[in-house]
Amino acid sequence: MLKVQRGFQRYLGRFLSSSNSNMSVDYSVQGSVAVLEVNNPPVNALSHGVRLGLKTGVEQASRDRNVRSVVIIGKGQTFPAGADIREFGKPSKEPWLTEVGMAIEASPKPVVAAIHGTCLGGGLEIALFSHYRIAVPSARVGFPEVALGLLPGAGGTQRLSRLTGLPVAMDMISSGRHVPIKKAKEYGIIDEIVTGDLMKAALKFAQSIQGRPLKDRCLMFKVVPNADKLEEFTSAAMAQVKKKYKGYEAPVVCIQTVRASAELPYEEGMKLERDLFLQLQGSGQARAQQYAFFAERAVSRWVMPGGSYKTAKPLPVRSTAVIGAGTMGSGIAVCLLSAGLPVYLLEQNEKVCMILNFKPTLNYSDLKDVDLVIEAVFENLDLKRDVFSKLDKICKPSAILCTNTSTIDINRISTATSRPDKVVGTHFFAPAYHMRLLENIYGTQTSPDTVATVMKLGKTINKVPVLVKSCHGFLANRMNGPFNTESLFLVEEGASPQEIDQVNEDFGMPMGPFKVRDLSGIDISWRINREVAKALGTTITKETKFLGGNRYCGLNDDFFEKGRYGRKTGKGWYLYEKVGGKIPTVDSETEEIINSYRQRRGIIKRKITPQEIFERQFYSCINEGFRILEEGICNTPEEIDISWIYGFSYPKFRGGPMFYASQIGLKRVYDRICHYHETCPYSIHWVPSRLLKKLAENDVPFSQWANHISKSRM
Ligand code: 3H9
């Protein structure tokens with residue numbers, strides 16, 4: 001009889017949940033346990049249907065006399081990974097997440113959160129409202145809201161500290177880091193780590209805690225431990241976030257809100273959290289960071305002539321080789337090794353090989369069986385063509401041949417082989433093991449399968465791959481060209497390197513362009529300039545004023561001639577505390593070099609405002625971005641923004657150059673570009689982009705740029 005009744009209830013439960021098509025939670029009763037299975041693929045985000053389903057499910061379980069405990073679990077790959085970010089900015093629909101949580105905590109029957117995958121943000125908040133939390137060993141928990149410009153807005157800031165204490169809560173919430181489950185258990189977040197089938201373990205656990213008192217399992221009744229050390233903990237956490245996340249608003253507000261958990265009564269703390277969440281949610285930073293979140297995912301949906309991410313098939317890459325053990329080559333090899341891929345590192349110089357701890361080789365013949373080779377030799381077309389012709393003869397026909405060139409057209413390299421369809425650019429950014437952008441470049445003959453392979457490889461080695469069509473400088477360096485050139489022109493005309501660096505750093509760039517030059521080496525840019533001149537069939541002298549139709553600034557060359565290569569020589573644009581030092585100070589010789597340069601060229605120094613510095617660097621680069629879109633070098637503004645965020649550490653809280661342009665208004669950007677086109681006549685990069693002009697004149701919002709971009713190419 002009992003069995004029949006339970007069977008009926010199970011049917012009724014399923015009927016109740018499935019009868020409301022707005023709900024994304026499957027309700028069932030298994031023995032004396034009600035199971036609420038969140039079913040909202042791919043990440044079980046807590047969209048309206050899930051919130052409704054959880055609240056209704058908990059209430060239904062409370063009413064059901066045969067149910068004695070409840071399990072919340074995620075179907076598919078994960079426990080809920082957070083609130084549904086796509087709902088942000090739209091009118092909110094009840095029940096709110098906090099209401100759902102309160103219903104869970106108020107349940108008269110113990111609720112167990114059974115965690116696998118990534119239990120993040122609102123998902124972790126739901127788990128913290130539950131009375132018990134169990135998890136499989138591979139699960140991770142965290143509050144990544146800060147990366148979206150937010151704080152946990154459904155009790156996370158007030159409740160985590162009651163479990164873990166202030167330092168852990170402040171650190172987890174302000175960093176957004178994912179915590180492995182073993183650590184989460186040490187912190188007290190997880191009650192038990194279970195192995196084997198999670199559903200079975202959850203049912204067993206839920207039965208074992210039936211009838212136990214619940215009050216001491218409700219976090220709202222707990223006090224924050226060690227609250228007497230509040231000031232000490234807060235100032236340590238604040239100092240850390242201000243240093244680590246310079247310019248970001250959310251981490252600071254996260255610390256302030258967690259602090260309130262130890263200062264205010266629970267309800268007041270919850271109210272403060274809600275108010276500050278809404279305040280952050282309305283900020284420009286949150287908008288930009290949420291845009292960047294989706295942009296990062298959008299760039300993996302690549303399209304090229306003849307193929308796309310939907311149709312192309314990546315080839316298996318089980319073994320690799322890198323040609324050249326210089327800074328870039330060895331950095332690339334480290335990336336591949338870190339992802340578990342075997343690497344041959346081919347070098348001409350025996351001494352270089354010996355110090356490296358992987359398969360060093362001096363023989364091309366060793367590379368005959370590898371699936372993929374990345375060439376990272378010096379930036380010289382003849383040398384690269386020679387390497388590719390050798391590789392073509394030795395490597396198996398299916399092997400993919402990649403070049404780490406930062407500027408040279410892929411078509412000029414691929415024609416040195418008999419397999420141009422398998423030649424592709426894989427441009428890493430320095431330092432290669434640290435910077436996450438991987439700019440993959442296709443030539444006219446590169447096949448979609450080759451592109452699919454390097455896009456997949458990028459993900460395997462934890463990079464963010466962006467696909468670009470070949471042209472001089474590709475996407476990132478091409479846009480960086482005017483940005484950097486303008487910084488030199490500004491010094492020529494009267495600004496100091498430190499004034500320019502300051503404007504850049506105030507905007508949120510981690511380092512200004514002159515500190516970057518000192519870091520990467522003035523000798524390197526000196527050499528690159530000579531390669532460019534050679535490619536243009538000319539040479540650079542002290543008198544060179546124009547290069548390739550563009551104004552040329554020779555200031556960098558004057559520093560090179562004085563042996564001021566940057567950090568590596570202890571002096572460059574700045575003076576350093578020692579050779580290889582990191583602390584820059586202003587040097588009087590720098591000013592002398594600049595003054596004598598101005599005198600030689602008859603330039604009269606003028607006062608330049610921070611606004612002009614900003615506009616000339618950042619707007620010239622935006623203009624180039626629009627030209628890149630216009631020419632089809634890439635397809636979307638997201639590809640540009642992600643390239644800048646991960647290639648040049650452009651501040652995520654600004655969204656990227658193209659998103660930033662949309663926020664300040666294209667009309668304004670366009671007008672200023674026209675102004676500089678008139679006042680800086682010799683710089684080709686100020687010729688206003690046609691696409692920008694059209695978008696600005698028609699006041700097209702960012703969400704509709706795509707239509708105009710495709711039309712601009714017809
Ligand atoms: C929050 O919880 C606020 C609360 O405190 C308070 C509220 C009041 N929403 O990354 P993937 C999509 S804020 C909507 O490629 P993976 C994603 O766009 C939230 N959609 O998979 C992609 O769609 P598409 C706090 C989301 O396996 C697809 O799912 N939580 C969400 O590499 C697959 O994503 C977070 O910030 C979402 N929350 O990584 C977590 N999450 O295929 C954000 C993902 O159309 N999410 N999508 O491009 C992540 O970090 C990763 O997605 C995760 C999986 C690690 C979960």
Side-chain angles (χ1 to χ4, degrees), residues 24 38 40-51 54 74 76-102 115-129 138-160 169 172-180 250 253-254 257-258 270-271 273-282 286-287 289-302 309-310 436 455-456 458-460 462-465 636 638 642 652:
S24 321
V38 180
N40 187 23
V43 298
N44 285 325
L46 294 152
S47 44
H48 177 245
V50 176
R51 298 196 303 275
L54 283 175
Q77 68 184 45
T78 185
F79 195 81
D84 188 338
I85 307 167
R86 292 180 207 274
E87 285 183 358
F88 290 171
K90 296 183 186 156
S92 64
K93 279 202 211 162
E94 290 186 15
W96 293 336
L97 197 54
T98 317
E99 254 179 277
V100 178
M102 282 159 62
I115 297 168
H116 74 300
T118 41
C119 167
L120 303 174
L124 182 53
E125 286 170 318
I126 287 296
L128 293 181
F129 276 112
S138 57
R140 286 175 294 149
V141 300
F143 279 120
E145 285 86 343
V146 71
L148 302 169
L150 300 172
L151 50 76
T157 63
Q158 303 305 294
R159 301 167 65 83
L160 184 66
M172 272 181 68
I173 291 175
S174 66
S175 70
R177 73 189 164 94
H178 293 190
V179 177
V253 185
C254 283
T257 322
V258 177
M270 291 291 281
K271 182 173 179 317
E273 180 196 78
R274 177 92 201 143
D275 292 348
L276 292 174
F277 177 85
L278 292 174
Q279 184 184 308
L280 284 177
Q281 174 67 324
R287 252 197 318 278
Q289 286 175 251
Q290 287 163 31
Y291 158 76
F293 174 86
F294 288 114
E296 183 174 336
R297 278 140 189 94
V299 298
S300 60
R301 295 189 277 272
W302 56 271
Y309 74 102
K310 284 188 194 156
R436 292 196 61 211
M455 291 302 278
K456 185 166 176 221
K459 292 222 160 148
T460 307
N462 195 29
K463 301 285 177 205
V464 182
T636 65
E638 282 86 349
I642 287 301
K652 225 181 219 180

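Computed from a predicted model, the values in this text were never measured in an experiment. Counting convention: from 1, in listed order, for ligands and their atoms alike.
The backbone N or O of Thr157 lies less than 3.5 Å from a partner atom in the side chain of Glu273, making a donor-acceptor pair. One N or O on the side chain of Arg51 and one on the backbone of Leu46 form a donor-acceptor pair closer than 3.5 Å. A donor-acceptor contact shorter than 3.5 Å is absent between the side chain of His178 and the backbone of Arg140. Panel note: side chain Glu145, backbone Leu150; no donor-acceptor pair is recorded below 3.5 Å. Side-chain N or O atoms of Asn40 include one that pairs as donor or acceptor with a backbone N or O of Ala45 at under 3.5 Å. Distance alone, capped at 3.5 Å, places no donor-acceptor pair between the Arg86 side chain and the Ser47 backbone. Looking only at distances, no side-chain donor or acceptor of His48 sits under 3.5 Å from a matching main-chain atom of Trp96. Side-chain N or O atoms of Thr78 include one that pairs as donor or acceptor with a backbone N or O of Thr118 at under 3.5 Å. Between the side chain of Glu638 and the main chain of Val299, no donor-acceptor pair closer than 3.5 Å is present. Judged by distance alone, the side chain of Glu87 and the main-chain N or O of Lys93 form no donor-acceptor pair under 3.5 Å.
Taking any N or O of Ile85, backbone or side chain, at least one lies under 3.5 Å from an N or O belonging to ligand 1. Between Leu120 and ligand 1, a contact under 3.5 Å exists for no N or O pair. The shortest N or O to N or O distance between Ala83 and ligand 1 is below 3.5 Å.
Nearest heavy atoms, Thr257 versus Gln158: O-NE2, 2.9 Å.
Taking the side chain as every heavy atom from C-beta outward, Ser24 and Val38 never approach each other to under 4.5 Å.
For atom 32 (O) of ligand 1, no protein heavy-atom neighbour is found at a distance under 4.0 Å. At a distance under 4.0 Å, no protein heavy atom can be found next to atom 21 (O) of ligand 1. Contact annotation for atom 39 (O) of ligand 1: protein absent (non-hydrogen atoms, distance under 4.0 Å). Of the protein's heavy atoms, none falls inside 4.0 Å of atom 16 (P) of ligand 1.
Here SG of Cys119 is found 10.0 Å from CD of Glu125. Values are rounded to the nearest 0.5 Å. The line from CD1 of Ile642 to CZ of Arg436 is 10.0 Å long, rounded to the nearest 0.5 Å.
Of all the heavy atoms of Phe293, the ones lying under 4.0 Å from any atom of ligand 1 belong exclusively to the side chain. If you look at Pro42 next to ligand 1, the close heavy atoms, those under 4.0 Å, all belong to the side chain. For Asp84, heavy-atom contacts with ligand 1 shorter than 4.0 Å involve the backbone as well as the side chain. With a 4.0 Å heavy-atom cut-off, ligand 1 is reached by no atom of Trp96. Contacts between Leu148 and ligand 1, counted as non-hydrogen atom pairs separated by less than 4.0 Å, involve the side chain only.
Listed by atom number, the atoms of ligand 1 under 4.0 Å from Phe294 heavy atoms are 18 (O). Per-residue contacts place Pro152 under 4.0 angstrom from the following atoms of ligand 1 (heavy atoms of the residue considered): 5 (O). For ligand 1, the atoms closer than 4.0 angstrom to any heavy atom of Glu125 are 4 (C), 5 (O), 6 (C). Close approach of ligand 1 to Thr118 (heavy-atom distance below 4.0 Å) involves ligand atoms 56 (C). Close approach to Gly122 involves these atoms of ligand 1, each under 4.0 Å from a residue heavy atom: 1 (C), 2 (O), 4 (C), 5 (O).
Counting protein heavy atoms only, atom 30 (N) of ligand 1 is closest to Ala81 O, 2.9 Å. Among protein heavy atoms, atom 24 (P) of ligand 1 sits closest to Arg301 NH1, 3.7 Å. Given atom 6 (C) of ligand 1, the protein heavy atom at minimum distance is Gly153 N, 3.4 Å. The protein heavy-atom contact nearest to atom 54 (C) of ligand 1 is Val43 CG1, 4.2 Å. Atom 8 (C) of ligand 1 has as its closest protein heavy atom Phe277 CZ, 3.9 Å.
The option with the heavy atom closest to atom 5 (O) of ligand 1, from among Glu145, Gln281, Gln289, is Glu145. Atom 45 (O) of ligand 1 has its nearest heavy-atom neighbour, among His178, Arg297, Gln77, Arg86, in Arg86.
The shortest separation from a heavy atom of Gly156 to ligand 1 is not under 4.0 Å, leaving the residue out of contact. Note on ligand 1: Glu87 sits outside its first shell, no heavy atom being nearer than 4.0 Å.
Cation-pi geometry between Arg297 and Phe293 is met: under 6.0 angstrom from the ring centre, within 45 degrees of the axis.
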